[in-house]
Every structure is written in structure tokens, then in C-alpha cells.
K.L.:
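One structure, pasted below without further comment.
Please read all numbers here as calculations on a predicted model, not as lab measurements.
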2 protein chains.
Amino acid sequence: MPVELRPLEALTLWHRVTLDLVREDGQDLSHDLSARQLAILLTIYLEPPPHTVRGLAGKLGVTKPVITRALDTMGRLDLVARRRDDADRRNVVIQRTVKGALAVERLGDLIVAQGRVLPR
Amino acid sequence: MPVELRPLEALTLWHRVTLDLVREDGQDLSHDLSARQLAILLTIYLEPPPHTVRGLAGKLGVTKPVITRALDTMGRLDLVARRRDDADRRNVVIQRTVKGALAVERLGDLIVAQGRVLPR
DNA sequence: CCGAAATAATACGGAACCGAAACGATCCGG
DNA sequence: CCGGATCGTTTCGGTTCCGTATTATTTCGG
């Protein structure tokens with residue numbers, strides 16, 4: 001049973017959640033997080049590990065430095081963490097953090113809440 | 001009748017749409033549009049005009065230069081247009097464009113499509 | 001009229017990001 | 001072992017964006 005959304009409802013939902021994100025700036029999330037950064041964050045927290053720079057770059061269709069830089073930024077915000085892979089020390093394994101998990105969870109609640117008050 | 005989304009469904013939907021946005025970079029939308037820019041774009045196209053710099057700044061809880069710069073960028077992409085208000089020439093009225101309307105419409109279709117294939 | 005208020009834009013120094021290329025570290029097949 | 005391949009990072013020059021403060025223009029009350 002799919003989620004039945006009409007285009008205007010979908011856009012209204014997206015609009016309100018995005019507004020919430022922008023307004024709560026300075027908290028954990030957003031701070032004007034780019035689409036790329038959000039995509040990386042959600043991939044890390046929704047898809048099964050392990051996650052690597054190369055894997056994320058492929059999945060998003062961007063170059064590796066883009067991922068490295070995004071991880072720098074989000075690492076500084078403590079939303080993700082990096083660790084060398086001991087099995088193959090060329091690889092870097094991207095790990096979840098408590099703060100990142102909370103931020104993602106909060107985004108989920110935000111979407112659910114806005115979906116609930118959506119006029120149909 | 002609200003849109004009933006569970007948190008994981010909501011996040012999965014958000015994840016997939018964001019991935020779509022990032023991957024189709026270079027088209028009209030996204031190009032790594034920031035949350036702020038997207039919020040501005042959706043406000044302009046979903047809420048009744050007229051829209052002004054001051055009004056948008058207030059609604060998003062950001063300073064006016066942020067709006068001016070976002071309008072610069074999106075104006076360059078032809079997603080929005082600016083025009084002086086003849087009634088009060090201090091004001092700038094932000095106008096919709098064909099390209100912007102198409103981009104927003106496409107975002108709506110994207111969300112609807114991902115909602116449809118969402119596992120529940 | 002004229003000075004205060006309001007509006008959007010601009011200046012400024014600093015930070016982040018871009019794509020492309022180069023770089024070090026590591027692995028692995030022969 | 002060692003030379004090529006792989007992986008993530010760094011460098012480079014250039015662009016964009018940030019927040020704060022300032023500016024130019026326009027309106028309007030007295």
C-alpha cells in the first residue's frame with residue numbers, strides 16, 4: 001500500500017518541512033545543510049553499513065572530494081565519524097554518531113508531524 | 001484525513017527524493033540547492049503573492065542579505081525574477097518564472113513518484 | 001519641505017565548496 | 001619483492017555564501 005500523495009500535497013509537505021529545517025538553524029541539523037550533505041547523511045543512517053567514500057560518491061553521482069569535504073563538515077558538526085578500515089587500510093569506514101542519529105530521528109518526526117497536519 | 005506516515009517511511013521518502021535531486025544535478029533544480037534556497041523557492045510558488053525580500057526574510061527567520069543573495073543565485077538560474085514595486089518603489093516584488101514553475105512541478109512529481117513506490 | 005523610517009542592495013573579511021589534478025598510503029598479483 | 005591499481009585526501013584557482021555593517025533610494029509625518 002503506497003503513500004498516496006497528490007502533487008500539491010507533496011509540495012506543501014516538502015515546503016513546510018524545509019521551512020522548519022531552515023528556521024531551527026543552529027540546532028543540530030540543517031544550518032543550511034546542502035542537498036548533497038543531507039543525501040549523504042540519510043544514506044549513512046538508512047542504508048546498511050559499511051559506507052565508504054567511494055561508495056557514497058558512486059551512489060550520489062559526485063566526485064570523491066565532494067564526499068570528503070562533506071564528511072569534513074559533518075564530522076565537525078559531529079553528525080558522522082570516520083575510521084580507517086583495519087581489514088583494508090586504504091578504506092575509510094563512515095560511522096554513525098549519537099548526535100547524527102538524533103538529528104535524523106528528529107527530521108523523521110518533523111516530516112511525520114507535517115504530514116499529519118497536511119490539508120487534503 | 002492526514003497523510004499517515006511512519007517515521008521510517010518518512011525518512012525513506014525524504015532520502016530517495018533527495019538522492020534524485022542530487023543526481024539530476026545540472027538540470028534545472030537542485031545543483032546542490034541549499035535548504036534555504038529551496039525554502040524560498042517553494043514559498044514563492046506555493047504561497048500567494050506578493051513576495052518581498054523583507055517578507056521572505058521574516059518567514060524564514062534569516063537576514064535580508066541572505067534573501068537577496070539567494071534571489072541573485074536563483075535569478076541567474078532563471079528560477080525567479082525581481083521587479084520593483086511601482087506602488088512603493090522601495091519594495092521589490094519577487095515573481096515566478098516559467099522555468100521555476102516547471103522545476104517546482106517536477107519536484108512535486110518526484111515526491112509523488114517516490115511516495116508511490118514506498119514500501120510500507 | 002526635511003528629517004526619520006523603511007527597504008533592498010552592497011561592502012567586507014572570512015569560511016566553505018567546486019572540479020580537476022596531483023599526491024601519499026595501501027593492497028595485491030605475478 | 002615490486003609495479004600497477006585502488007582508495008581517500010590534499011592542492012589549486014576560482015566561485016559562492018556567510019553575518020555584520022553600511023549605503024542608496026524611497027516614503028511619509030510633521
K.L.:
Check this one for me: any side-chain N or O of A/R84 less than 4.0 Å away from OP1 or OP2 of D/dC7?
P.N.:
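For D/dC7, OP1/OP2 do not have a side-chain N/O of A/R84 under 4.0 Å.
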K.L.:
OP1 or OP2 of C/dA16 less than 4.0 angstrom from a side-chain nitrogen or oxygen of A/Q37, does that happen here?
P.N.:
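A/Q37 to C/dA16 OP1/OP2: no side-chain N or O under 4.0 Å.
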K.L.:
What's the closest nucleotide to the A/N91 side chain, out of D/dT9, D/dT27, D/dG8?
P.N.:
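Among the listed nucleotides, the one closest to the side chain of A/N91 is D/dG8.
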K.L.:
Please report the distance, rounded to the nearest Å, between CG in A/D88 and P in C/dG29.
P.N.:
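Taking CG of A/D88 and P of C/dG29, I get 12 Å after rounding.
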K.L.:
Report the distance from atom CG of B/L71 to atom P of D/dC17, rounded to the nearest whole Å.
P.N.:
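Checked: the CG to P distance equals 11 Å.
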K.L.:
Whole-Å distance between D/dT26 P and B/R54 CZ?
P.N.:
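After rounding, the reported distance stands at 19 Å.
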K.L.:
Respond yes when some side-chain nitrogen or oxygen of A/T52 is under 4.0 Å from OP1 or OP2 of D/dC7, and no when none is.
P.N.:
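Answer is no, no contact under 4.0 Å.
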K.L.:
Would you compute the distance between atom CG of B/L77 and atom CG of B/L41 and round it to the nearest 0.5 angstrom?
P.N.:
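Going from the CG atom of B/L77 to the CG atom of B/L41 covers 10.0 Å.
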K.L.:
Let me know the distance between CZ of A/R90 and P of C/dT26, rounded to the nearest Å.
P.N.:
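The distance from CZ of A/R90 to P of C/dT26 comes to 11 Å, rounded to the nearest Å.
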K.L.:
Distance check: side-chain N/O of A/R36 vs OP1/OP2 of C/dC17, anything under 4.0 Å?
P.N.:
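Answer no for this pair, as no side-chain N or O of A/R36 is under 4.0 Å from OP1 or OP2.
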K.L.:
In this structure, how many angstroms lie between the C1' atom of D/dT9 and the CG atom of A/L56, rounded?
P.N.:
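It works out to 15 Å between those atoms.
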K.L.:
When you check the phosphate oxygens OP1 and OP2 of C/dC17, does a side-chain N or O of A/T73 lie under 4.0 Å from one of them?
P.N.:
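It does, given that an N or O in the side chain of A/T73 lies less than 4.0 Å from OP1 or OP2 of C/dC17.
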K.L.:
Please report the distance, rounded to the nearest Å, between CG in B/D85 and C1' in C/dA6.
P.N.:
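Roughly 14 Å, once rounded to whole Å.
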K.L.:
Can you measure A/D72 atom CG to C/dC17 atom P for me and round it to whole angstrom units?
P.N.:
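Those two atoms, CG and P, are 8 Å apart.
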K.L.:
Can you tell me if A/R82 touches the phosphate of D/dT9, counting only side-chain N or O atoms and a distance under 4.0 Å to OP1 or OP2?
P.N.:
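True: A/R82 side-chain N/O within range (under 4.0 Å) of D/dT9 OP1/OP2.
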K.L.:
Please classify the nucleic acid contact of A/R69 as base, sugar-phosphate, or nothing, using heavy-atom distances under 4.0 Å.
P.N.:
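The answer is base, as A/R69 lies within the cut-off (heavy atoms under 4.0 Å) of a base atom.
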K.L.:
Look up atom CG in A/L79 and atom CD in A/Q37, then write down how far apart they are to the nearest 0.5 Å.
P.N.:
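Rounded to the nearest 0.5 Å, the CG-CD separation comes out at 9.0 Å.
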K.L.:
Supply the atom-to-atom distance B/L21 CG to B/R106 CZ, rounded to the nearest 0.5 angstrom.
P.N.:
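Rounded to the nearest 0.5 Å, the CG-CZ separation comes to 8.0 Å.
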K.L.:
Using 4.0 Å as the upper bound for N to carboxylate O, is an ion pair formed by B/D72 and B/R82?
P.N.:
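The answer is yes: the pair qualifies as a salt bridge.
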K.L.:
On DNA chain C, check which nucleotide each of B/V92 and A/P65 is closest to and give me the residue with the more 5' one.
P.N.:
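It is B/V92, whose closest nucleotide lies nearer the 5' terminus.
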K.L.:
With nearest nucleotides of DNA chain D determined for A/K64 and B/R89 from heavy-atom distances, which residue corresponds to the more 5′ nucleotide?
P.N.:
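That would be A/K64.
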K.L.:
Could you check how far CZ of B/R83 sits from P of C/dA9, rounded to whole Å?
P.N.:
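Rounded to the whole Å, the gap is 14 Å.
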K.L.:
Go through the side-chain N and O atoms of B/T43 and B/H51 and say whether any donor and acceptor fall under 3.5 Å apart.
P.N.:
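No - no donor-acceptor pair under 3.5 Å links their side chains.
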K.L.:
Can you find a side chain N or O atom of A/T68 that sits less than 4.0 Å from OP1 or OP2 on D/dT9?
P.N.:
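Yes, within the criterion.
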